[in-house]
There are 2 protein chains.
Amino acid sequence: MDIIISNSSGEPIYEQIVSQVKAQIMSGELAEGDALPSMRALAQSLRISVITTKRAYEELERDGFIESFTGKGSFVKRQNRELLREEYLRQTEALITQVCDKARTGGVTLEELHELLDIIYNSEAQD
Amino acid sequence: MDIIISNSSGEPIYEQIVSQVKAQIMSGELAEGDALPSMRALAQSLRISVITTKRAYEELERDGFIESFTGKGSFVKRQNRELLREEYLRQTEALITQVCDKARTGGVTLEELHELLDIIYNSEAQD
DNA sequence: ATAGTGTATATACTCGATATACACATTATA
DNA sequence: TATAATGTGTATATCGAGTATATACACTAT
């Protein structure tokens with residue numbers, strides 16, 4: 001499982017883990033029943049504390065994405081992929097709202113936003 | 001000067017003050033030489049500590065938007081409005097990048113993004 | 001037994017927000 | 001004109017929430 005931690009983003013480490021696991025579930029890289037790396041193994045490879053990986057896994061478990069068993073490990077639960085997609089859609093809408101607020105205040109027009117959207121959407125690194 | 005504090009946003013109070021003052025400079029509500037409310041007056045009207053308003057004013061002063069004089073007050077400095085607009089443009093682009101990342105992961109298409117942008121841009125409260 | 005899992009407790013550090021006391025400028029008024 | 005009173009910005013020490021941690025504990029499989 002590939003997880004990349006950025007120290008400069010300001011986003012908590014455990015949240016970065018959570019969102020990247022969700023993204024991999026969304027993309028199908030992680031499917032139902034798949035074993036996640038053990039908390040210790042992940043902590044070691046990211047050079048962080050076990051407690052931080054545990055916190056990430058706890059949040060994923062609380063939200064119904066994975067299940068953990070003492071002595072055995074952590075595993076991906078059966079997913080309602082459509083539910084996840086809706087979550088992403090909500091988050092996307094929230095971000096677009098921020099974009100519009102910022103743009104209006106700064107005198108950026110709707111047309112400019114559409115242009116920027118095309119440019120940025122197509123210029124980003126693909127998987 | 002109208003400043004509105006939201007406790008639910010998660011954004012620090014002093015940052016909310018900073019961004020709203022910048023927005024008012026951008027819109028022309030605050031012009032060169034205008035006096036800002038005193039740190040105490042603003043603190044009292046927002047029911048927050050003087051130290052928090054001071055912190056906001058410090059950041060505005062550090063970034064060259066206002067000037068403070070002990071015993072006299074705080075005043076709007078001469079502005080390069082074009083510089084401010086560019087700052088907003090940069091922030092807008094950064095937000096759009098986040099939008100595209102989130103959208104891609106969630107399987108939201110570019111066409112859907114354009115539609116959402118039109119809807120949200122036009123549905124937001126106008127000044 | 002041993003080595004692999006997840007779990008729980010107590011601790012340190014950062015950052016937003018604060019109360020309180022201090023220093024300077026203007027204004028009222030004696 | 002002198003000076004007390006009020007209004008301005010400033011500085012120090014402290015609290016609380018949230019992130020990340022070291023260490024020790026409990027369970028499972030081999």
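Chain A is the first sequence line, chain B the second, and so forth, proteins listed ahead of strands; every chain is numbered from 1.
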Glu15(B) side-chain N/O to Pro12(B) backbone N/O, donor-acceptor pair under 3.5 Å =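 Flag not set: sc Glu15(B) to bb Pro12(B) has no pair under 3.5 Å.
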In whole angstroms, how far is the [atom2] atom of [N] from the [atom1] atom of [X]?
X        : N       : atom1 : atom2 : result
Leu42(B) : dG9(D)  : CG    : C1'   : 14 Å
Glu15(A) : dT19(D) : CD    : C1'   : 11 Å
Arg55(A) : dT19(D) : CZ    : C1'   : 6 Å
Arg47(B) : dT18(C) : CZ    : P     : 13 Å
Glu58(A) : dT9(C)  : CD    : P     : 12 Å
Ile66(A) : dG6(C)  : CD1   : C1'   : 11 Å

On the nucleotide [N], are OP1 or OP2 found under 4.0 Å from the side-chain N or O atoms that [X] carries?
X        : N       : result
Ser68(A) : dT5(C)  : no
Thr52(A) : dT19(D) : no
Lys54(B) : dT10(D) : yes

Quick check: are there more than 12 heavy atoms from other residues, nucleotides or ligands sitting under 6.0 Å from CD of Gln44(A)?
->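 No, not enclosed.
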Parallel, tilted or perpendicular: rings of Phe69(B) and Phe75(B) (30°, 60°) =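 Rings of Phe75(B) and Phe69(B): tilted, as their planes differ by 30° to 60°.
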Show me, pair by pair, the donor-acceptor contacts under 3.5 angstrom made by side chains of residues 25-38 of chain A, not counting sequence neighbours?
{"unit_1": "Ser27(A)", "atom_1": "OG", "unit_2": "Gln24(A)", "atom_2": "O", "d": "3.2"}
{"unit_1": "Ser27(A)", "atom_1": "OG", "unit_2": "Glu29(A)", "atom_2": "N", "d": "3.3"}
{"unit_1": "Ser27(A)", "atom_1": "OG", "unit_2": "Glu29(A)", "atom_2": "OE2", "d": "3.3"}
{"unit_1": "Asp34(A)", "atom_1": "OD2", "unit_2": "Ala31(A)", "atom_2": "N", "d": "2.9"}
{"unit_1": "Ser38(A)", "atom_1": "OG", "unit_2": "Ala41(A)", "atom_2": "N", "d": "3.0"}

Quick one: list whatever passes side chain to side chain contact (heavy atoms under 4.5 Å, CB included) with Thr97(B), sequence neighbours left out.
->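 With sequence neighbours excluded, Thr97(B) shows a side chain to side chain contact (heavy atoms under 4.5 Å, CB included) to Ile120(A), Glu124(A), Asp101(B), given in chain and number order.
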Go through the structure and list residues passing side chain to side chain contact (heavy atoms under 4.5 Å, CB included) with Gln16(A), not counting sequence neighbours.
->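 Checked Gln16(A) against side chain to side chain contact (heavy atoms under 4.5 Å, CB included); matches are Ile5(A), Ser6(A), Ser9(A), Glu11(A), Gln20(A).
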If a protein heavy atom is under 4.0 Å from the base, mark B; if only from the sugar-phosphate, S; if neither, -; do that for nucleotides 22-30 of chain D going 5' to 3'.
-> B--B-BSS-
Counting any heavy atom closer than 4.0 Å, what does Tyr14(A) reach on the DNA or RNA strands: base, sugar-phosphate only, or nothing?
->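 Answer is sugar-phosphate: Tyr14(A) comes under 4.0 Å of backbone atoms only.
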Sugar-phosphate only, base, or nothing, as touched by Phe69(A) at under 4.0 Å among non-hydrogen atoms |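 The residue Phe69(A) makes sugar-phosphate contact but no base contact.
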Tyr88(A) pairs by side-chain contact (heavy atoms from CB on, under 4.5 Å) with which of Arg90(A), Arg85(A), Gln91(A)?
->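 Checked Arg90(A), Arg85(A), Gln91(A) against Tyr88(A); only one passes side-chain contact (heavy atoms from CB on, under 4.5 Å): Gln91(A).
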Name all pairs fulfilling the salt bridge (Lys or Arg N to Asp or Glu O under 4.0 Å) condition that reach into residues 39-55 of chain B, sequence neighbours left out, sorted by first residue then second.
->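 Qualifying pairs, neighbours excluded: Lys54(B)-Glu58(B).
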Kindly work out whether a path of hydrophobic side-chain contacts (I/L/V/M/F/W/Y, heavy atoms less than 4.5 Å apart) joins Leu46(A) to Ile51(A).
->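 Result: no, two separate clusters.
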Residue-level proximity of residues 5-13 of chain B to DNA chain D when a heavy atom falls under 4.0 Å |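 Close to the strand, none.
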